[in-house]
Amino acid sequence: MNDIKRILIGFWSNLVTLWLIFAHLWRHKDTVNYPEEMPYLPPRYRGRIILTRDPDGDERCVACNLCAAVCPVGCISLQKAERPEDGRWYPEWFRINFSRCIYCGFCEEACPTAAIQLTPDFELAEYDRQNMVYEKEHLLISGTGKYHDYNFYRVAGMSIAGKPKGAAESEAQPIDVKSLLP
Amino acid sequence: MSAIAAWFTPEVIAVLIGMVKAVVILLVVIIASAWMIWVERRLLGLWQDRWGPNRVWWLGIGQVVADMVKIFMKEDWIPKFVDKPVFILAPAIAMVMTLLAFAVIPIAPGWRIIDLNVGVLFFLAVLSLSAYAVMLGGWASNSKYALFGGVRAAAQMLSYEVFMGLAMMGVVIQAGSFSFDTIVEAQTGLWYVVPQFLGFILFLLATIAATHRAPFDIPEAEQELTAGFHTEYSGMKFGMFFVAEYISITLMSALVVTLFFGGWHGPLLPPVVWFCLKTGLFMCFFILLRAALARPRYDQFMESGWKVMLPLALLNVLVTGGIVVALAAH
Ligand code: SF4
Ligand code: SF4
């Protein structure tokens, strides 16, 4: 008797399973028809990398090499140069090999100037591997990216032409150590 | 001219028409079964909350062509340790035997290849032979997973074939004939699924086992045996096993429809359409089973086959026979 009950219950539970799976026919689908229908990617999605400019339109990157140093696969390389007119540092060239990049976002974390940023563009596909190597002219955009107001030289103590020591935002005037003598 | 015309005696014409029908049925069955690969992938996708392959042509129906081109390009490799003749023969047996069984299935009035008066027995015989393909393939592969698959196939065959035949006997007793045509004719008023409901359930379970499909895909259980009996197969030999499995789904669906769902009977639409519609529904049901149910252990399957299904099938035959005899006595 118990066995018959077990068989009937098993049968019933399998029928319920069949119905539940069948009902998935009109459930919301978790996948999207990609090229026609773009998935929503949040602004902080880690995709193609860009170099941004500060609100004044100058390049943010100060060629500190922190991003190249932190990159786990070593796919960033750049060369420092100095602007003769105001002494600002900038990368003479800046190269990212996207065929090696793993989009970890460490470079963005490391960057002190918010220059290098990852964007929600993931459609990087080329027939020629060499085309995956992006140069500075491909990376540099004309806007500020995700951080609109940040301007490194205005908050940092680094002195450049037109902004001496102590002129940065909330920076105290430099102390003349010699005047502190008792 | 008249000399040529003299060749076409009514018998020759009948043979020619029969051949044309056979070829048409063969092509339709193979193409429908091949397209079922796509149907299965789409339906499984939908039941798993995704879309499935919908890129190639309209709704993705060209996916099968792409898959076929791919599998034809693949290297057809025969491992050195296999028993070569049997290894090559096995997929051919699988394919030929499942196709052969279609010869007795009536698709519409007058649309069948042969109307054997022992159709049901012929079908059972051919089905047993097709089970050999799986066993031989597993045995000839000479590797442990394939061997396990073959052994399980043998064990499974022993358990389902018995109650499958007995489950069909209820219908045979009611129709009073082994011929599929007579069985379909006998269902004009009432489909046998109603009086033979128990037989239908038993037969359906047996057909799932006979097709080696989930949940009774015990001989090929991917999670336990990599791919079971066809582990060592590659290229088109694997493809033949694969297509044979789909053909046998088509065959079993056609059979369930013929025995229990009135074959071509149905209102309004032409008989062929009714037959294809019902068969298609059952093919989708096979896919639903795969999407939904978990696989039993093979000892559980055998246990239920011998201890539950077989007594029930015998009971069904007994009761049906008793009622038929009692009614005849009146
Ligand atoms: S995202 Fe990661 S891998 Fe890519 S460039 Fe930045 S640090 Fe390197
Ligand atoms: S992108 Fe940022 S971290 Fe990299 S060199 Fe430029 S300023 Fe430094």
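Chain A is the first sequence line, chain B the second, and so forth, proteins listed ahead of strands; every chain is numbered from 1. These values consider heavy atoms only, across backbone and side chains, with no hydrogens, waters or symmetry-generated copies.
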Whatever's closer than 4.5 Å to a heavy atom in chain B on A:Asn33 counts as both

Over 12 non-hydrogen atoms of neighbours within 6.0 angstrom of NZ in A:Lys80: yes

Here the pair of heavy atoms bringing B:Arg50 nearest to A:Lys29 is O-CD, 3.4 Å

Output for pair (A:Trp19 CH2, B:Leu288 CG), nearest 0.5 Å, gives 10.0 Å

Okay, B:Ile201 and chain A: the region with an atom under 4.5 Å from a heavy atom over there is side chain

Can you tell me if OH on A:Tyr34 sees more than 12 non-hydrogen neighbours from other groups inside 6.0 Å? yes

Okay, A:Leu20 and chain B: the region with an atom under 4.5 Å from a heavy atom over there is neither

Take a 6.0 Å sphere around CZ of B:Phe148 and say whether it holds more than 12 heavy atoms from other residues, nucleotides or ligands.
no

In short, A:Thr31 meets B:Trp51 closest at the heavy-atom pair O-NE1, 3.2 Å

Scored by heavy-atom pairs under 4.5 Å with chain B, the best of A:Ile7, A:Leu18, A:Asn14 is A:Leu18

B:Leu190, CG: over 12 other non-hydrogen atoms inside 6.0 angstrom
yes

B:Trp57, CH2: over 12 other non-hydrogen atoms inside 6.0 angstrom:
no

Does B:Trp58, at its CH2 atom, have more than 12 non-hydrogen atoms belonging to other residues, nucleotides or ligands within less than 6.0 Å? no

| message | Is it the case that over 12 heavy atoms from other parts of the model lie below 6.0 angstrom from the CZ atom of B:Arg55? | response | yes

When rounded to the nearest 0.5 Å, the distance separating NE2 of A:His28 from CG of B:Asp49 is 8.5 Å

Value for CD1 (A:Ile21) from CZ (B:Arg290), rounded to nearest 0.5 Å, stands at 13.0 Å

